[in-house]
Amino acid sequence: MSAPRIFGVIGDPISHSASPRMHHAACRYLGLSYCYLPFRVATADLPEMMSLIRQFNFLGVNVTIPHKESVIKYMDELDATAQKIGAVNTIVNKSGKLIGFNTDGDGLLMALQEEAQLNLSGLGVVIIGAGGAAKGIAYALLQAGVGSLTILNRNVARATALAAPLQKQFPSISILAEALDSSAGFDALHQADLVIQATSVGMAPNILESPLKNYEWVKPSQICYDIIYKPAQTRFMGECTAQGARAIGGAGMLAGQGIEAFYLFTGQTVPYPVMRDALNE
Ligand code: NAP
């Protein structure tokens with residue numbers, strides 16, 4: 001009997017990762033005897049990890065904080081999305097050739113479709129945050145045909161640096177950058193159909209923190225999506241729900257990016273509930 005193929009996730013820290021649970025649920029569902037392992041990898045050890053992936057013929061690895069950008073220089077090839085975003089969350093080993101992908105944005109689109117049956121075409125969207133996750137999300141939303149996009153960030157220069165190249169790529173869509181807690185930001189939030197919270201504020205253990213001071217912009221017709229998945233109910237979600245909006249947490253995006261990555265690793269599709277339900281175990 002041949003040894004099971006290995007795949008996994010690299011990051012530092014890594015013990016909190018829910019990815020092993022999701023990918024093992026997918027393997028069980030499909031009857032595959034693959035083994036998905038968490039690897040704590042310091043930045044200085046990235047070159048050795050990349051050579052282990054080749055040496056032990058891994059299917060590939062997922063990549064999490066803090067390596068999504070630093071792994072790029074070890075890739076033999078980058079797919080178009082990872083190249084545009086400048087971040088990799090999935091490395092596929094194709095016979096010793098390492099190919100970098102980014103499935104975060106498509107993971108969010110899958111979650112919005114599965115959990116809110118949302119048609120994004122023409123919608124007014126606000127993203128709160130301009131970090132790595134916001135980048136992938138902004139690109140995916142624009143490709144999906146949203147009507148307008150405003151990026152709000154504490155460091156407004158970072159929001160502008162994200163918006164400007166996107167505006168060149170998507171010239172027909174209005175893309176603005178504003179400061180968090182500004183009056184222009186408040187107006188954009190009030191007018192939005194969909195608001196995506198993509199900062200790290202409110203993530204465990206700092207569960208009482210909120211990225212915004214004011215929630216008077218919230219309307220019951222809005223969908224407010226927080227990409228944070230720990231805790232399952234964030235302060236941001238609580239504030240939006242209190243004003244009558246529908247709030248959704250980030251576990252669906254986590255499942256979605258995992259399903260996209262699993263397909264890249266194995267060529268096999270797993271139904272959304274298989275990975276999503278594994279997060280409730
Ligand atoms: P990142 O690159 O470090 O970006 C952090 C963002 O949070 C920046 O916009 C930063 O603003 C903002 N921020 C940090 N502290 C703040 C504060 N006190 N007040 C206001 N803004 C603040 O992180 P990331 O990789 O984008 O990840 C962001 C979050 O998304 C994390 O919680 C991560 O776990 C989650 N995530 C979830 C999924 C999923 O599948 N559900 C996938 C990826 C990431 P400045 O630029 O002003 O510093």
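As the structure lists them, so they are numbered: ligands from 1, and atoms in each ligand from 1. Heads up: numbering here begins at 1 and tracks the sequence.
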Listed pairs under 3.5 Å, donor-acceptor, residues 260-273 side chains, sequence neighbours left out:
unit_1, atom_1, unit_2, atom_2, d
Thr266, OG1, Phe262, O, 2.8
Thr266, OG1, Gln268, N, 3.0
Tyr272, OH, Glu115, OE2, 2.4

Taking a 3.5 Å cut-off between nitrogen or oxygen atoms, can you list every pair linking ligand 1 to the protein, with distances?
unit_1, atom_1, unit_2, atom_2, d
ligand 1, 2 (O), Gly132, N, 2.9
ligand 1, 7 (O), Ser200, N, 3.3
ligand 1, 9 (O), Ala130, N, 3.0
ligand 1, 9 (O), Asn153, OD1, 2.8
ligand 1, 11 (O), Asn153, OD1, 3.2
ligand 1, 18 (N), Arg154, NH1, 3.3
ligand 1, 26 (O), Gly132, N, 3.2
ligand 1, 26 (O), Ala133, N, 2.8
ligand 1, 40 (O), Leu254, N, 3.3
ligand 1, 41 (N), Ile227, O, 2.8
ligand 1, 41 (N), Gly250, O, 3.1
ligand 1, 46 (O), Asn153, ND2, 2.8
ligand 1, 46 (O), Arg158, NH1, 2.7
ligand 1, 47 (O), Arg154, NE, 3.1
ligand 1, 47 (O), Asn155, N, 2.9
ligand 1, 48 (O), Arg154, NH2, 2.8

Partner of Tyr139 under side-chain contact (heavy atoms from CB on, under 4.5 Å), chosen from Asp106, Asp104, Leu166, Asn102: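 Among the candidates, only Leu166 passes.
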
Does anything in residues 36-52 pair up under side-chain hydrogen bond (donor to acceptor under 3.5 Å, both in side chains), and if so which pairs, sequence neighbours excluded?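 Passing the test, one end in residues 36-52: Asp12-Arg40, Tyr36-Asn62.
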
Residue pairs meeting side-chain hydrogen bond (donor to acceptor under 3.5 Å, both in side chains), one or both in residues 176-196, sequence neighbours left out, come to none

Is there a side-chain contact between Val71 and Met50 (heavy atoms, below 4.5 Å)? yes

Please answer: with hydrophobic residues joined when any side-chain heavy atoms are less than 4.5 Å apart, are Leu141 and Ile128 in the same cluster? no

